[in-house]
Protein chains: 2
Amino acid sequence: MAKRPISIKQVADAAGVSTATVSNVFSGKKPVNDDLAARVRDAAKKLGYRVNRAASNLRSGQSRVVTVMVPDLSDPYFTSLVTEIEEHAQRDGYQIIVANTKDDVETERGRVSALLSWQPDGMIVVPTSDNIPEQLLQVKDEVPIVITDRGIQTKEFDVVRVDNAAAGKMVASHLLEFGHRRVLVVASDMQISGVYDRCNGAIERIRAAGAQSDLVEVGPVPDRAAAHLARWLVKNPMPTAIFAVTDMTTLATLTCLAELKAEVGYDVSVVGYDDYPWMVARRTPITAVRQPVEQIAEAVWTLLLRRMNGDDSQIEVLPLECELRVRASSQPIEKTEETRGRRGRAASEVK
Amino acid sequence: MAKRPISIKQVADAAGVSTATVSNVFSGKKPVNDDLAARVRDAAKKLGYRVNRAASNLRSGQSRVVTVMVPDLSDPYFTSLVTEIEEHAQRDGYQIIVANTKDDVETERGRVSALLSWQPDGMIVVPTSDNIPEQLLQVKDEVPIVITDRGIQTKEFDVVRVDNAAAGKMVASHLLEFGHRRVLVVASDMQISGVYDRCNGAIERIRAAGAQSDLVEVGPVPDRAAAHLARWLVKNPMPTAIFAVTDMTTLATLTCLAELKAEVGYDVSVVGYDDYPWMVARRTPITAVRQPVEQIAEAVWTLLLRRMNGDDSQIEVLPLECELRVRASSQPIEKTEETRGRRGRAASEVK
DNA sequence: TTGTAAGCGTTATCAA
DNA sequence: TTGATAACGCTTACAA
């Protein structure tokens, strides 16, 4: 059924040269006489020839493939990470193969195997959990691996990460400066170390300032997260500020506040995580922590590239800094008091 | 430097069998005695063996690879499409390779070549423009290709598409039912046939009802789009309803209305395109057209699979229907009149 | 600068 | 059911 495509041999015959010459024309590894090169290209074009990666990889032992594994392709943060990485890969002559683990350890295991069969020259991994799949431990001497975003700091792998604790502290300081003394931190899953660090960074600083900080862990499922948070807000006195430490919890928080008819920036200040276009497409734009995706992607790529080029030295990668985009959703405490006061509502009424 | 990984030969030796047997154990194409199979698996595990796709592809002529090319990986619609397709592919034993053309015809050309070198068994393409890259025309007899979302209806390729005109009409009817008589349609790029069809569907129906419908084409760049729309809105009397025909124009529209301090659902009704979580995380959730991504992905995959299995028959794929998620951002005209009236503003004042 | 030929790891054919 | 062996298309010594 599937007849085989044009091979290098056919091109060589058509151009009246050897296969080696054809190979050299396309790889550029050895110089080829211009006339011959032209003749080869002509023949190739006429026949519709394209190098067969499989054969090329097999013979050379170099796949020029880098795999990228992320926990959730529907998360815009990971998509942008992938997009950035692809850019770098492209430029350096690598192809990337993306795998989505769907935040599931089983799937992750399966994907690792599938990816390894490509004989990648390198791997970029955002682990689903802090437990890095053991298959990766097995192959870590054969293929360079760079971990990012999730996974615990380890001496086993190169890791590029953001300073999550610092990000949490930054948000806390911002809210404290605005006079907030009751801040709710909304976490998805504290098992994820990045989430844990952000929360802790924020809470510590707030408490150190003698203010009050609570934590709700709403789980990883969006719908349930909003409901969970709503229950908490009804049971407890309304905080004056909320810090949502992930993309998803930001959405859950806003959904929840909308349902409770609490007005963002007035009744309560909100700081979200990750910075997306929709956050600005609102009457009250959302203050948010922006992760430096471009820098992260670049750090990941250059690190991996060094490893792929055989650099075995101890490379220390410093944690990257996040940035706070201050917008109208976070306001000085006076605004909140004024709002709640004007409505003749005590804090307890806005549940 | 890069020592070659374990080969089938080494496993065969370790297990005391032939390479053919090892191959059969892993491919399952021929039955193997249980004892032998166990021995092989043991040896393989011990050695850390994994089949080499390159060699396997080369010999069998079957890559079990399907490529997916999309214009913009940062567009959540395409991400979800890719995610859905991957699911199907996975189930049927195919690996997908994703390429992002970044809405650029040059990049697209480059990517097509790169993808073809994988010798894919099938290709799924969302063309950047209506002009399907000519390289695809050249290979369309060698490898099955399914086009979706963009690209003009053609007899050359199998196409899975949504009924864009119908979607436009649906929105128009919704707004007409609510009594709106001045509807603005916000398009990104009318060169994209889907966008064109949506606009036209909507505008035709509105005009057929004797109501007024204007069109602004704001271009493909988000920032400029909002500014462009803002200029239009200032120069013209405020419509009572706006239909944004893409994800990006929806965002641009909302950004713009927020800047103009026009309240969505009150001063003006808004219908957006594509349905995302952020649309609900607002005080006024957005009415939106939801494309049936799952159905589209499934249709694409089953069609491609049939072609990959050698089905040459004429297959007609019916256009799929979109759905309207009605929410608070679209309101009966009375609400708008009331709002504008109460504020003591004529339509002209809310510019 | 070009050609010859071996061999990468796998699968398919054929024989046992 | 298993094994021996050729061949897939390419790259790369090495020879010319």
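Note that the coordinates shown come from a computational prediction; the quantities given were computed from them, not determined experimentally. FYI, side chains are in, hydrogens and waters are out, and symmetry mates aren't considered; it's all heavy atoms of this structure. Residue numbers start from 1 in every chain, and the chains themselves are labelled A, B, ... in the order their sequence lines are given, proteins ahead of strands.
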**Student:** Quick one: does W118(B)'s side chain get under 4.5 Å of N57(B)'s, heavy atoms only?
**Tutor:** no
**Student:** Starting the side chain at C-beta, find the nucleotide from dT2(C), dA4(D), dT12(D) nearest to S23(A).
**Tutor:**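 Out of dT2(C), dA4(D), dT12(D), the nucleotide with an atom closest to S23(A)'s side chain is dT12(D).
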**Student:** Mapping D34(B) and A55(B) onto DNA chain D by nearest heavy atom, which one lands closer to the 5' end?
**Tutor:** D34(B)
**Student:** Ignoring hydrogens and angles, are the base of dT11(D) and the side chain of R59(A) linked by a donor-acceptor pair under 3.5 Å?
**Tutor:**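 By the distance-only test, yes, there is a pair.
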**Student:** Side chain of S7(A) only, please: which of dA12(C), dG9(D), dT2(D) is the nearest?
**Tutor:** dG9(D)
**Student:** Choose from dC10(D), dT4(C), dG3(D) the nucleotide whose nearest atom is closest to any side-chain atom of V17(B).
**Tutor:** dG3(D)
**Student:** Between dG9(C), dC10(D), dT2(C), which nucleotide gets closest to the side-chain atoms of L58(A)?
**Tutor:** dG9(C)
**Student:** Which listed nucleotide (dG9(C), dT11(D), dT2(D)) is nearest to the side chain of K30(B)?
**Tutor:** dT2(D)
**Student:** Say whether S80(A) and T83(A), considering side chains only, have a donor N or O and an acceptor N or O under 3.5 Å apart.
**Tutor:** no
**Student:** If only side-chain N and O atoms of T21(B) are considered, is one of them under 4.0 Å from the OP1 or OP2 phosphate oxygen of dG3(D)?
**Tutor:** yes
**Student:** Going by the angle between their ring planes, with limits at 30° and 60°, are H88(B) and W301(B) parallel, tilted or perpendicular?
**Tutor:** parallel
**Student:** Respond yes when some side-chain nitrogen or oxygen of S56(A) is under 4.0 Å from OP1 or OP2 of dT11(D), and no when none is.
**Tutor:** yes
**Student:** Under 4.0 angstrom, heavy atoms only, what part of the nucleic acid is F26(A) near: base, sugar-phosphate, or nothing?
**Tutor:** nothing
**Student:** Please lay out, stage by stage, how K140(B) and F157(B) fare under the test side chain to side chain contact (heavy atoms under 4.5 Å, CB included).
**Tutor:** CA-CA 8 Å; K140(B) 79 186 195 59; F157(B) 294 99; 3.7 Å; yes
**Student:** Just checking K29(A): base, sugar-phosphate only, or nothing, at a heavy-atom cut-off of under 4.0 Å?
**Tutor:**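 Since only primed, P, OP1 and OP2 atoms lie under 4.0 Å of K29(A), the category is sugar-phosphate.
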